[in-house]
K.L.:
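I have a structure I would like to understand better, so I am pasting it below and will then ask my questions one at a time.
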Amino acid sequence: MLDPKLIRNNPDAVKKGLKNRKADASLVDRFLAIDEEWRKLTVEVDELKAKRNKASDQIGVLKKGKKDVGGLMAEMKELSARIKELDEEQKKIEQRLNDISLEMPNLPHHAVPVGVDSRDNLEARAWGEKRNLSFKPKSHDEIGKNLGILDFEQAAKISGSRFVVYRGVGAALERALISFMLDLHTKEHGYTEVMTPVLVNTKSMLGTGQLPKFEEELFKCRDDELYLIPTAEVSVTNLHREEIVKTDLLPIKYCCYSPCFRREAGSYGKDVKGIIRQHQFNKVELVKFAEPDKSYEELEGLTKDAESVLQKLGLPYRVVELCTGDLGFASAKTYDLEVWFPSENQYREISSCSNFESFQARRAGIRFKSGLPAKAEYLHTLNGSGLAVGRCFAAILENYQKEDGSIDIPEVLKKYL
RNA sequence: GGAGGAGUGGCCGAGUGGUUGAUGGCACCUGUCUUGAAAACAGGCAUGCGCGCAAGCGCAUCGGGGGUUCGAAUCCUCCCUCCUCCGCCA
């Protein structure tokens, strides 16, 4: 959610930001029109309520003095009825205002390169040597099937398409990756591990921005107001919803392993082979709560923490700075980490590290005290994959494959297997 | 799932229809005293929103929604959360 005062005082800047990210800038004018209507009505209602409050006090006093208050009471009865009508109208307007506010995406940070789509993204840096294979590299799903560690048929039988069964060493490798990542982030990068529910309520989904706009991307329970999380970002960020966190605890750094669930509506025919795009996948997520003036520094650190996973695994990757047009709904600035896939001869996203500034904090009511005298203020939230485990699994299969169809195991994983 | 109890400001805890946004205590801030600190004493101390250049004024908020009433923390109702007991259960 954007600061309503910012929209009021700086509508043109907001429009420009929305346009840069290909969002509907007319939302601003609609917001302003309704906002004005709301304020006008608010003044009116408040005045009537002030009148009523005064009269009610007076009635109390008069009654004590055994004076007649029948006329005044009748008058106030009418006034109350009028107030009730206006209250209802005001509530409706508030609802509309709120709906628009929740539909509005975040504004890009001013330094984010302006662009239309992923072709305008900037490569910030690249790391690692792509291995020189003396044979034609196989795809990870082929390797996995051949080794008997990935089974797509059985998964399709018990669940459907875009699911996978890990078997034997495959299951162990997936588990090893999770443990390796969590250990790295907790022991070397100072994150606190949490394990949170994967079913969350509507408020949590609104808080991080999955709702109301992206409901079709979510799995929802039929009989309960609960959704499966598409990322641990949701449950972990909402840990501090409606809280004023102690300033001396900032920055708060969490890492969380969780399975993630995405409907992938509208991605039919895209990445249908392999485990790149699944309805259910594992991910270790990094989440930070930071003071506003330090959040960009924290974004750099967060990205480096995610990168170090790839470095320790010896997987070549590059860091891409997303342009305004490619930014996610809630993000002000995002770095994608892309890992090398030899069989495709291209880099593919394996992590996305974003600073949401106060966008999620405002939706979720996450504040801290700052200044003198101390005043509660929205903090900044950040998160990034550290990393997507399934894609990491696939990248290891492809990058560490040998001509005989077997694979090497990265050194750092050996103690986990 | 069944029965009962509870939810008040940062915390504890009063308050069952009328100057109660809410007594008191703790914590916190300021001042006096002190070489300094502690103690004691005095004072201050909720949040959100709107109007206003400002001083300030007004509205809302006692888990959440709805209702009764001129007026609700207080009465009614639905919901949520927590606790106790029973049932079921990894």
Side-chain angles (χ1 to χ4, degrees), chain A residues 1-9 11 31-102 195-207 211 221-227 235 238-250 252 259 289 358 361-379:
Chain A
M1 208 147 72
L2 301 179
D3 183 352
K5 292 197 176 99
L6 177 72
I7 306 175
R8 271 181 213 150
N9 301 333
F31 176 92
L32 289 174
I34 300 170
D35 182 56
E36 196 173 325
E37 202 184 335
W38 177 82
R39 281 189 287 171
K40 227 173 116 187
L41 189 61
T42 298
V43 169
E44 192 185 343
V45 178
D46 283 1
E47 275 170 7
L48 294 182
K49 284 181 179 170
K51 196 172 162 192
R52 180 179 66 183
N53 288 343
K54 228 177 223 168
S56 290
D57 285 349
Q58 215 181 334
I59 288 171
V61 174
L62 290 173
K63 268 195 160 176
K64 246 178 211 157
K66 306 268 187 207
K67 301 249 174 62
D68 175 56
V69 289
L72 191 51
M73 269 169 66
E75 202 181 309
M76 286 307 111
K77 194 181 177 81
E78 244 170 75
L79 181 64
S80 272
R82 175 72 183 141
I83 287 173
K84 198 179 162 186
E85 279 170 31
L86 293 178
D87 265 345
E88 270 159 32
E89 198 181 326
Q90 188 187 30
K91 210 166 262 180
K92 273 183 207 155
I93 296 173
E94 251 161 21
Q95 187 59 53
R96 283 199 285 149
L97 210 51
N98 196 246
D99 288 347
I100 287 194
S101 301
L102 291 175
M195 198 176 277
T196 57
V198 298
L199 282 168
V200 301
N201 57 29
T202 304
K203 270 191 183 166
S204 295
M205 287 293 188
L206 285 169
L211 288 178
C221 294
R222 192 191 58 190
D223 293 330
D224 301 282
E225 194 67 19
L226 290 170
Y227 298 85
S235 40
N238 278 283
L239 244 28
H240 294 297
R241 174 150 50 82
E242 312 292 333
E243 280 185 17
I244 297 174
V245 300
K246 289 233 183 321
T247 303
D248 51 7
L249 294 178
L250 298 177
I252 298 173
F289 300 82
S358 60
R362 195 176 295 278
R363 288 174 160 245
I366 312 172
R367 296 177 294 171
F368 75 111
K369 293 246 173 137
S370 90
L372 273 175
K375 204 170 143 44
E377 189 189 330
Y378 293 110
L379 47 67

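Lettering of chains follows the sequences in order, A, B, ..., and the numbering in each one begins at 1. All of these numbers come straight from a predicted model, not from anything done at the bench.
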K.L.:
Tell me whether A/Glu36 at atom CD has more than 12 heavy atoms from other residues, nucleotides or ligands lying less than 6.0 Å away.
P.N.:
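Counting other residues, nucleotides and ligands, CD of A/Glu36 stays at 12 neighbours or fewer.
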K.L.:
Distance check needed: B/rU69 P versus A/Glu78 CD, whole Å only.
P.N.:
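Rounded to the whole Å, the gap is 15 Å.
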K.L.:
Could you work out which one of B/rG50, B/rA60, B/rG48 sits closest to the side chain of A/Asn53?
P.N.:
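Between B/rG50, B/rA60, B/rG48, the one nearest the side chain of A/Asn53 would be B/rA60.
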K.L.:
Just the rounded figure in Å: distance from P of B/rC28 to CD1 of A/Ile244.
P.N.:
18 Å
K.L.:
Check whether any side-chain heavy atom of A/Tyr227 lies under 4.5 Å from a side-chain heavy atom of A/Ser204, and answer yes or no.
P.N.:
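Contact flag for A/Tyr227/A/Ser204 side chains = no.
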K.L.:
Looking at B/rG66, I'd like to know if its phosphate oxygens (OP1 or OP2) sit under 4.0 Å from a side-chain N or O belonging to A/Lys91.
P.N.:
yes
K.L.:
Using the C1' atom on both, measure B/rU77 against B/rG25 and round to a whole Å.
P.N.:
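To the nearest whole Å, 35 Å.
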K.L.:
Measuring only between side-chain heavy atoms, which start at C-beta, is A/Ser56 closer than 4.5 Å to A/Met76?
P.N.:
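They are not in contact (no side-chain heavy atoms under 4.5 Å apart), so the answer is no.
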K.L.:
What are the residues of residues 39-47 of chain A, sorted by number, that bring a heavy atom to within less than 4.0 Å of RNA chain B?
P.N.:
A/Arg39, A/Val43, A/Asp46
K.L.:
Within the structure shown, what part of the strands sits under 4.0 Å from A/Ala50 by heavy-atom distance: base, sugar-phosphate, or nothing?
P.N.:
sugar-phosphate
K.L.:
Taking the C1' atom in each of B/rU69 and B/rG52, what is the distance between them to the nearest angstrom?
P.N.:
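My reading of the C1' atoms in B/rU69 and B/rG52 gives 34 Å.
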K.L.:
Using whole Å, what does the distance between atom P of nucleotide B/rC80 and atom CG of A/Asp224 come to?
P.N.:
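After rounding, the gap between these two atoms is 11 Å.
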K.L.:
Is the shortest heavy-atom distance from the side chain of A/Leu79 to the side chain of A/Leu48 under 4.5 Å?
P.N.:
yes
K.L.:
Tell me the interatomic distance from A/Tyr378, atom OH, to B/rU47, atom P, rounded to whole angstroms.
P.N.:
14 Å
K.L.:
Closer to the 5' end of RNA chain B via nearest nucleotide, is it A/Ala74 or A/Lys84?
P.N.:
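Closest to the 5' end, via its nearest nucleotide, is A/Lys84.
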K.L.:
Measuring from the side chain of A/Lys77 (C-beta onward, heavy atoms only), which nucleotide among B/rG71, B/rG50, B/rU69 has the closest atom?
P.N.:
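Nucleotide nearest to A/Lys77's side chain: B/rU69.
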K.L.:
Do A/Leu379 and A/Ser358 have side chains that get closer than 4.5 Å, going by heavy atoms?
P.N.:
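With C-beta onward as the side chain, the pair stays apart.
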K.L.:
Look at the side-chain N and O atoms of A/Arg8 and state whether any lies under 4.0 Å from the OP1 or OP2 oxygen of B/rG50.
P.N.:
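For B/rG50, OP1 or OP2 has a side-chain N or O of A/Arg8 closer than 4.0 Å.
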K.L.:
Grab the CD1-P distance between A/Ile83 and B/rA72 for me, whole Å please.
P.N.:
10 Å
K.L.:
Quick one: A/Lys54 NZ to B/rG58 C1', roughly how many Å, whole number?
P.N.:
10 Å
K.L.:
Which nucleotide, B/rG58, B/rG48, B/rA60, lies nearest any side-chain atom of A/Lys49?
P.N.:
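In terms of side-chain proximity for A/Lys49, the closest of B/rG58, B/rG48, B/rA60 is B/rA60.
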K.L.:
Just call it for A/Met76: base, sugar-phosphate, or nothing, with non-hydrogen atoms closer than 4.0 Å on any strand.
P.N.:
sugar-phosphate
K.L.:
Taking the same atom, P, in B/rC86 and in B/rG9, what whole-Å distance lies between them?
P.N.:
32 Å
K.L.:
Any base atoms under 4.0 Å from A/Ile59, or only sugar-phosphate, or nothing? Heavy atoms, all strands.
P.N.:
base
K.L.:
Could you work out the separation of B/rG65 and B/rU81 based on their C1' atoms and round it to a whole Å?
P.N.:
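It comes out at 15 Å once rounded to the nearest Å.
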K.L.:
Take A/Asp57 and A/Lys246, find for each the nucleotide of RNA chain B with the closest heavy atom, and name the residue whose nucleotide sits nearer the 5' end.
P.N.:
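Closer to the 5' end of RNA chain B: A/Lys246.
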K.L.:
Any strand counts, and the cut-off is 3.5 Å on both contacts for Watson-Crick or G-U wobble. Which nucleotide pairs with B/rC89?
P.N.:
none
K.L.:
Do A/Asn98 and A/Ser101 get their side chains close enough for a donor-acceptor pair, meaning under 3.5 Å?
P.N.:
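Note: A/Asn98 and A/Ser101 side chains miss the donor-acceptor criterion.
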K.L.:
Between B/rA6 and B/rG13, how many Å separate the two P atoms, rounded to a whole number?
P.N.:
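Rounded to whole Å, the distance is 14 Å.
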K.L.:
Which whole number of Å gives the distance between the C1' atom of B/rG18 and that of B/rA37?
P.N.:
48 Å
K.L.:
Rounding to an integer number of angstrom, what distance separates B/rC33 and B/rA40 when you compare their C1' atoms?
P.N.:
9 Å
K.L.:
Between B/rA38 and B/rC76, how many Å separate the two P atoms, rounded to a whole number?
P.N.:
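Rounded to whole Å, the distance is 49 Å.
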K.L.:
Does any part of the side chain of A/Glu94, heavy atoms only, come nearer than 4.5 Å to the side chain of A/Trp38, both counted from C-beta?
P.N.:
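Yes, close enough: below the 4.5 Å cut-off.
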K.L.:
Quick one: look up who B/rU69 pairs with, Watson-Crick or G-U, both distances under 3.5 Å, and put none if it's unpaired.
P.N.:
none
K.L.:
Tell me the partner of B/rA6, counting only Watson-Crick (N1-N3 plus N6-O4 or O6-N4) or G-U wobble (N1-O2 and O6-N3) with both under 3.5 Å; none if nothing fits.
P.N.:
B/rU81
K.L.:
Is there side-chain contact between A/Arg367 and A/Glu377, with heavy atoms separated by less than 4.5 Å?
P.N.:
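No. Closest side-chain heavy atoms not under 4.5 Å.
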K.L.:
I need the CD-P distance between A/Glu242 and B/rU61, as an integer number of Å.
P.N.:
18 Å
K.L.:
Please identify which of these residues, A/Thr42, A/Leu41, A/Val43, meets the side chain to side chain contact (heavy atoms under 4.5 Å, CB included) condition with A/Val45.
P.N.:
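Result for side chain to side chain contact (heavy atoms under 4.5 Å, CB included) with A/Val45: A/Leu41.
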K.L.:
Can you check the A/Glu243 CD to B/rC11 P distance for me, whole Å?
P.N.:
11 Å
